[in-house]
Protein chains: 2
Amino acid sequence: MPDSVTSDYFRLLNEIGIIGQLSRTLLEARLPPGFVTAQFSVLNHLVRVGDGRTPLAIARAFQVPKNSMTHSLTVLERAGLIEMRKNPQDGRSKLVFITDAGRTFRADAIDAMAPDIARIAAAFPRDVVARLLPDLERLRKVLDADRDAPE
Amino acid sequence: MPDSVTSDYFRLLNEIGIIGQLSRTLLEARLPPGFVTAQFSVLNHLVRVGDGRTPLAIARAFQVPKNSMTHSLTVLERAGLIEMRKNPQDGRSKLVFITDAGRTFRADAIDAMAPDIARIAAAFPRDVVARLLPDLERLRKVLDADRDAPE
DNA sequence: GCTCCATGGTTCGATATGGAACCAAGATAG
DNA sequence: CTATCTTGGTTCCATATCGAACCATGGAGC
């Protein structure tokens, strides 16, 4: 494979990393003090794909170590944004449920970002967003599948 | 602005965040143990845009607090990958230079990722990459410009 | 010159993240 | 049924990240 191809993929991931960093900063500026993106993302995940999942399943979805997820969930539970229940099917594991407070927290954060989104939308047309979304979803799925069958 | 528009932008940033996380994990698996993406990114930045910049300028380029950059640079200097010199123009600041060892470190890391890139390339065609790059660059520039003139 | 403010970096303390070791509960083999 | 292996989570420790306070130099106003 020629170098130029490698470097195109490399640049792609690089750009995505920078944009991720910039938007993370944007989001954290709108979250209540003391909360970070990782915690919001868990709530968002629970709403989007449904709750009642095990901590390990969530950790895998984010590709983070399970101990990191333990920590995030502890913070969220202390804040009353999620509930951890025993898994009746398996004595080892727990199930994670989002609370009403958690749903409100997520909705508020999204609302709080509206002005930021509006500024971005003014400079970055919606049709470009529409064009990007399917390709990026596909890339995410490729990376997701890749880690399951590595090397 | 209708909700659906906001949610498209929101989903875009969300996808980008996830891809960023997955590719960060990929990169870190290839770095020598103990090194982290942030440190590699600084070296990459110095090669791409040129060295001899101040720590603050680099911190701004990554949109990270200056104390975080102080830490990253300390690690890189201890490892002999960069050099910090006094700025002859300004007694307050320093200038950051990448060493030969630093250039080698960066090149090795990129080489080490080649097999990962190859697997991704097999499932994600190059022309899609080519299509994504200009749009993403534009989005990054929009976000970059936005933080300079916020609110 | 002197005062006041702005800028560039570091330090401190508190939280986040991740690797490794650990423990408990399920699964499997005999 | 026991021995062993695997799986789900937590704990421990080391490093990373970041807000706030701090210090030193530079620059502006007078």
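The sequence lines fix the lettering, A, B, ..., with proteins before strands; numbering per chain opens at 1.
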### Summary
Looking only at dG9(D), dC18(D), dG19(C), the nucleotide nearest the Pro55(A) side chain is dG9(D)
### Query
How do Asn67(B) and Gln21(B) order along DNA chain C: which one's closest nucleotide is nearer the 5' end?
Asn67(B)
### Phosphate-side-chain proximity, His71(B) and dA16(D), N/O vs OP1/OP2 below 4.0 Å
yes
### Message
I need the Leu143(B) CG to Ile120(A) CD1 distance, nearest 0.5 Å.
### Response
5.0 Å
### Query
Can you tell me how far C1' of dC22(C) sits from NZ of Lys66(A), to the nearest Å?
10 Å
## Note on the structure
note: Met84(B), atom CE; dG9(C), atom P; distance rounded to Å ~ 8 Å
#### Entry: Length of the line joining Phe62(B):CZ and dT17(D):P, which is rounded to integer Å
11 Å
### Query
Counting any heavy atom closer than 4.0 Å, what does Glu28(A) reach on the DNA or RNA strands: base, sugar-phosphate only, or nothing?
nothing
### Task
May I ask you to decide if Thr37(A)'s main-chain N or O and Glu28(A)'s side chain share a donor-acceptor pair within less than 3.5 Å?
yes
### Query
Has Arg126(A) got its NZ or CZ under 6.0 Å from the middle of the six-membered ring of Tyr9(B), at an angle within 45 degrees of the ring axis?
no
### Task
In whole angstrom, give the distance that lies between atom CG of Leu73(B) and atom C1' of dC18(D).
15 Å
### Query
Rounded to the Å, how far apart are Met69(A) CE and dT7(D) C1'?
17 Å
### Query
Of the residues in residues 88-95 of chain B, which ones touch DNA chain D at a heavy-atom distance under 4.0 Å?
Asp90(B), Gly91(B), Arg92(B)
### Query
Does OP1 or OP2 of dG18(C) have a side-chain N or O of Ser68(A) closer than 4.0 Å?
yes
### Task
Whole angstrom is fine here: how far is it from CZ in Arg60(B) over to C1' in dG9(C)?
13 Å
### Query
Quick one: is Gln39(B) getting a side-chain N or O under 4.0 Å of the dA16(D) phosphate, OP1 or OP2?
yes
### Message
Centre-to-centre under 6.0 Å for Phe105(A) and Phe35(A), is that the case here?
### Response
yes
### Query
Which residues satisfy the salt bridge (charged side-chain N to carboxylate O under 4.0 Å, His left out) test with Glu77(A), sequence neighbours excluded?
none
### Query
Rounded to whole angstroms, how far apart are CD on Glu77(A) and P on dG9(D)?
13 Å
### Message
What is the separation between atom CD on Gln63(A) and atom C1' on dT17(C), rounded to the nearest whole Å?
### Response
14 Å
### Short side-chain N/O contact to dG8(D) OP1/OP2 from Thr54(A), under 4.0 Å
no
### Query
Between Asp116(B) and Arg119(B), is there a side-chain N and carboxylate O pair less than 4.0 Å apart?
yes
### Query
Any donor-acceptor pair under 3.5 Å linking the side chain of Ser68(A) with the backbone of Val64(A)?
no
